[in-house]
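Report on the following structure.
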Protein chains: 2
Amino acid sequence: MNLPPLVQTFVLHFGEMGSRWGINRTVGQIYALLFLSKEPLNAEDIVERLGVSRSNVSMGLKELQAWNLVRLQHKPGDRRDYFATPEDIWQIVRTLVEERKKREIDPTMTLLREVLMQEPASVDERHAQERMREMHDLFELLTGWYADVQRLDTERLVQLLTLGSKVQKILEMKDRLFVVPGSKKSRRDATKDK
Amino acid sequence: MNLPPLVQTFVLHFGEMGSRWGINRTVGQIYALLFLSKEPLNAEDIVERLGVSRSNVSMGLKELQAWNLVRLQHKPGDRRDYFATPEDIWQIVRTLVEERKKREIDPTMTLLREVLMQEPASVDERHAQERMREMHDLFELLTGWYADVQRLDTERLVQLLTLGSKVQKILEMKDRLFVVPGSKKSRRDATKDK
DNA sequence: CACATATTTCAGAAATTTCTGAAATTTCAG
DNA sequence: CTGAAATTTCAGAAATTTCTGAAATATGTG
């Protein structure tokens with residue numbers, strides 16, 4: 001591995017972290033390297049710096065492209081493929097969430113919906129279905145929230161996140177100002193709309 | 001594998017999903033089984049239902065305990081250990097986020113802080129450090145947000161999530177009502193407090 | 001279209017992870 | 001304290017994943 005010390009530390013760490021994320025070491029390292037790199041890199045650059053085989057890099061880049069996590073670029077008068085991560089780190093987060101949702105949540109939701117259609121054949125199955133419905137509703141709430149805030153531009157999103165639960169205070173204030181006194185329970189529950 | 005069809009479908013799915021989460025198949029299956037089960041199960045129950053070895057179940061349960069994802073219980077006059085997931089699915093989510101943060105985010109933050117202390121030795125290292133600082137600030141914002149909303153009781157948390165970005169509307173309203181006209185830029189930036 | 005260069009594919013080697021059965025250890029009732 | 005039951009540990013087998021080098025394929029230039 002042929003990297004400046006600061007970069008190497010990060011690349012190695014990310015490689016290890018990858019394992020905890022169901023991503024393999026090399027893919028993690030390639031991504032870390034691209035993320036830190038000022039200039040786009042071609043496959044051969046990556047081979048040299050990480051000291052892994054050319055074919056391994058090829059497969060790793062293919063995987064990262066499947067995840068939409070790297071952009072393919074070209075330099076004039078050079079027909080090699082160059083790769084880079086988006087400049088905007090928020091774009092990376094958005095893609096990551098989007099893709100994980102697509103691969104992990106969506107198939108689970110499909111399965112849950114199917115299973116929830118079935119008629120339970122025993123008391124155990126009935127209870128199991130209730131649990132699955134809880135999970136289904138939870139996922140729906142979370143993905144609904146995400147679908148919603150994901151549409152905000154980054155500045156507003158940051159504003160919202162910075163605020164954190166202080167929003168709560170504002171909500172209370174709003175309630176105090178605008179809700180007709182006496183109609184105490186006007187909230188919606190977890191299993192709503194979408 | 002000896003399970004009612006509905007349960008089996010879910011357990012198998014969760015086993016596969018586990019792989020994408022850096023958790024092994026058996027651990028995923030054990031968790032799914034416990035999650036759906038009305039009654040706490042002992043290790044032997046799990047062995048029978050999943051058709052895996054006793055030792056594998058033992059290791060899987062140990063791992064789930066290390067994650068704080070299962071509770072150990074006892075029945076009177078029975079000295080076997082019984083296992084169950086929390087009744088409250090929100091408690092499960094909270095634990096999951098907490099533990100993943102502890103294992104994935106915290107070590108990364110430590111490493112980032114260390115690396116950001118170093119003096120960059122080249123223009124490449126300087127750029128790499130800038131990228132790492134972006135990541136550091138992003139994580140800080142996200143974990144700060146989580147630390148904050150995590151303190152809300154579930155009802156308020158659900159309320160907040162249900163609202164999604166509609167909060168934005170309320171914020172705008174608040175701004176219009178309370179901000180002195182003319183002091184246009186009174187927002188805080190992403191790298192604040194904590 | 002031929003040729004050099006770049007990239008991908010893929011079979012098998014290497015490494016890692018998962019799983020098992022047997023043995024060791026712990027726990028507790030009598 | 002003894003012994004049966006429950007649980008854990010662990011070495012190696014089995015399965016899976018990762019990685020490589022060689023071959024195949026694709027791409028663009030002259």
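Just so it is clear: chains get the letters A, B, ... in the order the sequence lines come, proteins before strands, and each one is counted from 1.
With values rounded to the nearest 0.5 angstrom, B:Thr9 atom OG1 is found 9.0 Å from A:Glu114 atom CD. Considering NZ of A:Lys169 and CG of A:Leu163, their distance stands at 10.0 Å, rounded to 0.5 Å.
Listed pair A:Lys62 / C:dT7 fails the phosphate criterion, with no side-chain N or O lying under 4.0 Å from OP1 or OP2.
Rounded to whole Å, the distance from CD on B:Gln73 to P on D:dT7 is 14 Å. A:Asn42 places its CG atom 8 Å from the P atom of C:dA6, with the value rounded to the nearest Å. Separating the CD1 atom of A:Ile23 from the P atom of D:dT17 is a distance of 15 Å, rounded to the nearest angstrom. Between the CD atom of A:Gln65 and the P atom of C:dT8 there is a distance of 7 Å, rounded to whole Å. One can place CH2 of B:Trp21 at 16 Å from P of C:dT18, the figure rounded to the nearest angstrom. In this structure, the CD atom of A:Glu63 is 16 Å from the C1' atom of C:dT9, given to the nearest Å. Atom P of nucleotide D:dT7 and atom CD1 of B:Ile30 are separated by 13 Å, given to the nearest angstrom. The CG atom of A:Leu61 sits 10 Å away from the C1' atom of C:dT7 (whole-angstrom rounding).
Helix bend of the helix from C:dC1-D:dG30 to C:dG30-D:dC1: the angle between its two end axes, each built from five pairs, comes to 30° after rounding to 10°.
Counting only heavy atoms from C-beta on, B:Thr26 has its side chain closest to C:dC19 among C:dC19, D:dC19, C:dT8. When the nucleotides D:dT20, D:dT16, D:dC10 are ranked by their closest atom to the side chain of B:Arg25, D:dT16 comes out on top. The side chain of A:Met59 lies closest to D:dT20, out of D:dT7, D:dT18, D:dT20. For B:Ser55, the listed nucleotide lying nearest its side chain is C:dT20; candidates were D:dT7, C:dT20, C:dT7.
Side-chain contact check for A:Asn68 and A:Glu99: at least one donor-acceptor pair (N or O, by modelled atom type) lies under 3.5 Å. No side-chain donor from either of A:Arg156 and B:Ser165 sits under 3.5 Å from a side-chain acceptor of the other.
With a 4.5 Å cut-off on side-chain heavy atoms, B:Phe10 and A:Leu112 count as touching.
Sequence neighbours left out, not one pair with a member in residues 62-84 of chain B passes ring-ring contact (aromatic ring centres under 6.0 Å, His included).
At a cut-off of 3.5 angstrom, counting only N and O atoms as typed in the model, there is no donor on one side facing an acceptor on the other between the side-chain of B:Arg79 and the base of D:dA6.
Using a 4.0 Å heavy-atom criterion, one finds that B:Arg80 contacts the sugar-phosphate atoms exclusively. At the heavy-atom level, B:Asn56 lies under 4.0 Å from base atoms of the strands shown. As judged by a 4.0 angstrom heavy-atom cut-off over every strand, B:Asp81 is placed among residues touching the sugar-phosphate backbone only.
By the neighbour-count criterion of 12 heavy atoms within 6.0 Å, atom CZ of B:Arg133 is sparsely surrounded, having that number or fewer from other residues, nucleotides or ligands.
A residue-by-residue look at A:Arg54 and B:Val52 shows that A:Arg54 has its nearest nucleotide of DNA chain C further toward the 5' end. For the pair A:Gly22 and A:Gly77, both in contact range of DNA chain D, the more 5′-proximal nearest nucleotide belongs to A:Gly22.
Clustering ILVMFWY residues whenever any of their side-chain heavy atoms sit less than 4.5 angstrom apart, transitively, puts B:Val97 in the very cluster that holds B:Ile89.
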